[in-house]
Amino acid sequence: MNRYKLSALMGTVIMGIGSFMACLAEKGPYIITGNVLLMVSIFIMIYGYAKWQP
């Protein structure tokens, strides 16, 4: 279960970083990178929370 807990935590951290990048960036490539990080974090968190539910 540690793998799932770690992926849920990492997904949460990546989502925080991606949301700050998407909201606070002023240039297009950084905004797109933030949006991509948000989408990736959603899939990582789905993987983590599919098996481990706090």
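From R3, atom CZ reaches atom NZ of K51 across 9.0 Å, with rounding to the nearest 0.5 Å. Here L37 contributes atom CG and I32 contributes atom CD1; the two are 12.0 Å apart, rounded to the nearest 0.5 Å. L6 contributes atom CG, which lies 10.5 Å from atom CH2 of W52 (distance to the nearest 0.5 angstrom).
L38 has its side chain within reach of S19: a pair of non-hydrogen atoms, C-beta onward, lies under 4.5 Å apart.
Across all their heavy atoms, G48 and S7 have their closest contact at CA-OG, 3.0 Å. Of all the heavy atoms in F43 and M39, the pair that sits closest is CD1-O, 3.1 Å. Across G34 and M21, no two heavy atoms sit closer than the pair CA-CB, 3.8 Å.
Both I14 and I17 belong to a common hydrophobic cluster when Ile, Leu, Val, Met, Phe, Trp and Tyr are linked at side-chain heavy-atom distances under 4.5 angstrom. One hydrophobic cluster, built from ILVMFWY side chains closer than 4.5 Å, holds both I46 and M15. I42 and I44 are assigned to two separate hydrophobic clusters, defined by single-linkage of ILVMFWY side chains at heavy-atom distances under 4.5 Å.
Other residues sharing the hydrophobic cluster of I31, ordered by chain and number and joined by side-chain separations under 4.5 Å: none, the residue standing alone.
The list of ring-ring contact (aromatic ring centres under 6.0 Å, His included) pairs with a residue in residues 2-34, not counting sequence neighbours, reads Y4-Y47.
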